[in-house]
Amino acid sequence: MANKILVTGGAGYIGSHTAVNLIENNYEVIIVDNLSNSEEKIIDGIEKITGIRPEFYQFDLCDIKKTNNFFAKHTDIKAIIHFAAYKAVGESVSLPLKYYHNNIASLINILQNMTDFNIPNLVFSSSCTVYGQPEKLPVNENAPIQPANSPYGNTKQISEEMIKDTILSNKNINTIALRYFNPIGAHKSSIIGELPIGVPNNLIPFITQTVAGLRKELSVFGNDYNTPDGSAIRDYIHIEDLAEAHVIAITRLLEQKNKQNFEYFNLGTGQGNSVLDVINTFEKFTGKTVNYKIVPRREGDVEQVWADTSFANKELNWKAKTSLGNSLLSAWNWEKKLRGIH
Ligand code: NAD
Ligand code: WQD
């Protein structure tokens, strides 16, 4: 029988792509999502791509009663991938308690139920935000964790600490925390992708919406950084490469190949690209022009960060394969399909 994997936040951007990849690798996927930042049509999309509809439950993982009832009824779950969280950095500054409540309370409920129902394996969505502006680039997993520069970032640091403490008290739980850099793009089918609500905060959806005519122009936040072209540098990783790493992490845990009961890996491409690189590459691969203007730096942005992925390459035998150009093209194809552009 297929191993049953609970994917929390599985209707969301990264969760839905991971669900597809899990199903394609013969895992049985069960999704819990309250649809606070997603839509049920994404579950239809997962079914359309894979031919299998994952079991889906809509409720809030901060609801202790509903969460406990769910786990009491699903005692055959072998592992959890916990994606469910709020992720808007700017909003977390203005509404910190919303972020602390959702991201921390849901994880407490997950960890409590893992303990109560002897669920031994967890993959946790962490973020490169834990590194802040690293002193050395590319940044590896041993770099010091910097004070968080947003409540959102702090929830990821606190979550990693909470998991470590839980594992110290319960040696039966094994966790892999995956620290994502900047996930971008969409599934090759353009059936699932990123669904930002309102005005996008992130660079790629802002670009695709600008080119699609929904936004007048992109604001490039700063051209006075200490980088070759003056714009900030990030590590943009394609969503399908990211999803693949989750399946590998799950398999590693189920096959008990992890070397410690708390492991953490950077997931990036290992390559840094500036905002202007991204715009130029987008234009080259899509043949479209991106309207943009340079504006002052955005508060809270680090100058440059990209991943040292050698640990994930070696230990997970995983490497991001998709080029920046193809990642951007997939984002544009998704936007076109969403807006009915031919
Ligand atoms: P997303 O918002 O698309 O997906 C998160 C999903 O979780 C949504 O479908 C939402 O409805 C659901 N959710 C949120 N709170 C919930 C709750 N209390 N109960 C049930 N469902 C809930 O976000 P994403 O981009 O797919 O991110 C997934 C995870 O990866 C998050 O933990 C995020 O912090 C982390 N992460 C994301 C990025 C990124 O740039 N996208 C980078 C690093 C880390
Ligand atoms: C990328 C670059 C902007 C929008 C965020 C979170 C991080 C992680 C990934 C969750 C930056 C520039 C952007 C725009 C621009 N998420 N930019 N104009 O800030 O690197 O990372 O998402 O864990 O924690 O902070 O991503 O896509 O917002 O920005 O010039 O309209 O694009 O300044 O240099 P970021 P982003």
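Just so it is clear, the model here is predicted, and its values are computed rather than measured. Ligands are counted one by one from 1 in listed order, and the atoms in each one are counted from 1 as well.
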Numbering as shown, the atoms of ligand 2 that approach [X] to under 4.0 Å (heavy-atom distance):
X    : answer
V220 : 30 (O)
N201 : 4 (C), 28 (O)
L218 : 14 (C), 18 (N), 31 (O)
T129 : 24 (O)
Y236 : 1 (C), 2 (C), 32 (O)
N202 : 5 (C), 22 (O), 26 (O), 27 (O), 28 (O), 36 (P)

Under 3.5 Å side-chain donor-acceptor pair for [X] and [Y]:
X    : Y    : result
T322 : D241 : yes
E160 : S126 : yes
D229 : N223 : no
Y225 : D301 : no

Is it true that H17 and F83 have ring centroids separated by less than 6.0 Å?
no
Option nearest atom 18 (N) of ligand 2 (shortest heavy-atom distance, choices S219, G222, S274)
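Minimum heavy-atom distance to atom 18 (N) of ligand 2 goes to S219.
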Nearest candidate to atom 6 (C) of ligand 2, where distance is taken over non-hydrogen atoms, out of I279, I14, V89
V89
Interatomic distance, I176 atom CD1 to N261 atom CG [nearest 0.5 angstrom]
11.0 Å
Looking only at distance, does L203 have an N or O less than 3.5 Å from an N or O of ligand 2?
yes
Would you say K87 and ligand 2 have an N/O pair spaced under 3.5 Å apart?
no
Per the side-chain contact (heavy atoms from CB on, under 4.5 Å) rule, which among I279, T208, L218 passes with L203?
L218
Are the charged groups of D60 and K66 less than 4.0 angstrom apart, N to O?
no
Using a strict cut-off of less than 4.0 Å between a Lys/Arg side-chain nitrogen and an Asp/Glu carboxylate oxygen, indicate whether D44 and R53 qualify as a salt bridge.
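Yes, D44 and R53 are salt-bridged.
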Test log, rule side chain to side chain contact (heavy atoms under 4.5 Å, CB included), inputs F56 and I42:
CA-CA 11 Å; F56 171 56; I42 295 293; over 6 Å; no
Take N21 and H246 through the test side chain to side chain contact (heavy atoms under 4.5 Å, CB included) and record every step on the way to the result.
CA-CA 9 Å; N21 214 320; H246 288 78; over 6 Å; no
Please write down residue, atom name and distance for the protein heavy atom closest to [atom].
atom                    : result
atom 10 (C) of ligand 2 : Y152 OH, 3.0 Å
atom 29 (O) of ligand 2 : R298 NH2, 3.5 Å
atom 17 (N) of ligand 2 : F221 CD1, 3.5 Å
atom 7 (C) of ligand 2  : S127 OG, 4.2 Å
atom 3 (C) of ligand 2  : D301 OD2, 3.5 Å
atom 35 (P) of ligand 2 : N182 ND2, 3.6 Å
atom 34 (O) of ligand 2 : A232 CB, 3.2 Å
atom 20 (O) of ligand 2 : R234 NE, 2.5 Å

Y292 vs T210, test: side-chain hydrogen bond (donor to acceptor under 3.5 Å, both in side chains). Steps then yes/no.
CA-CA 9 Å; Y292 71 89; T210 303; over 6 Å; no
Side chain to side chain contact (heavy atoms under 4.5 Å, CB included) evaluation trace for T155 with Y100:
CA-CA 6 Å; T155 68; Y100 284 114; 3.8 Å; yes
Of the side chain and backbone of V275, name the one, both, or neither that has a heavy atom under 4.0 Å from an atom of ligand 2.
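The side chain, only.
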Under 4.0 Å, heavy atoms only, figure out whether ligand 2 is touched by the backbone of Y292, its side chain, both or neither.
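Neither part.
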For ligand 1, run through the N/O pairs with the protein that fall under 3.5 Å and put one pair on each line.
residue: ligand 1; atom: 2 (O); partner: N37; partner atom: ND2; Å: 2.6
residue: ligand 1; atom: 3 (O); partner: Y13; partner atom: N; Å: 2.8
residue: ligand 1; atom: 9 (O); partner: G12; partner atom: N; Å: 3.3
residue: ligand 1; atom: 9 (O); partner: D33; partner atom: OD1; Å: 3.2
residue: ligand 1; atom: 9 (O); partner: D33; partner atom: OD2; Å: 2.6
residue: ligand 1; atom: 9 (O); partner: S38; partner atom: OG; Å: 2.7
residue: ligand 1; atom: 11 (O); partner: D33; partner atom: OD1; Å: 2.7
residue: ligand 1; atom: 11 (O); partner: N34; partner atom: OD1; Å: 3.4
residue: ligand 1; atom: 11 (O); partner: S36; partner atom: N; Å: 3.0
residue: ligand 1; atom: 11 (O); partner: S36; partner atom: OG; Å: 3.3
residue: ligand 1; atom: 11 (O); partner: N37; partner atom: N; Å: 2.9
residue: ligand 1; atom: 11 (O); partner: S38; partner atom: OG; Å: 3.3
residue: ligand 1; atom: 13 (N); partner: N34; partner atom: OD1; Å: 3.4
residue: ligand 1; atom: 15 (N); partner: N102; partner atom: ND2; Å: 3.0
residue: ligand 1; atom: 18 (N); partner: D60; partner atom: OD1; Å: 2.8
residue: ligand 1; atom: 18 (N); partner: N102; partner atom: OD1; Å: 2.7
residue: ligand 1; atom: 19 (N); partner: L61; partner atom: N; Å: 3.0
residue: ligand 1; atom: 21 (N); partner: N34; partner atom: N; Å: 3.1
residue: ligand 1; atom: 21 (N); partner: N34; partner atom: OD1; Å: 3.1
residue: ligand 1; atom: 25 (O); partner: K87; partner atom: NZ; Å: 2.8
residue: ligand 1; atom: 26 (O); partner: Y13; partner atom: N; Å: 3.2
residue: ligand 1; atom: 26 (O); partner: I14; partner atom: N; Å: 2.8
residue: ligand 1; atom: 32 (O); partner: F83; partner atom: O; Å: 2.8
residue: ligand 1; atom: 32 (O); partner: K156; partner atom: NZ; Å: 2.8
residue: ligand 1; atom: 34 (O); partner: Y152; partner atom: OH; Å: 2.7
residue: ligand 1; atom: 34 (O); partner: K156; partner atom: NZ; Å: 3.1

Stepwise side-chain hydrogen bond (donor to acceptor under 3.5 Å, both in side chains) test for E91 and Y152
CA-CA 9 Å; E91 189 188 52; Y152 165 75; over 6 Å; no
Check: E283 side chain, V290 main-chain N or O, donor-acceptor pair, under 3.5 Å
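Looks like yes, one N/O pair under 3.5 Å.
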Same cluster or not: V220 versus Y236, using hydrophobic residues (I, L, V, M, F, W, Y) connected whenever any side-chain heavy atoms lie under 4.5 Å apart?
yes
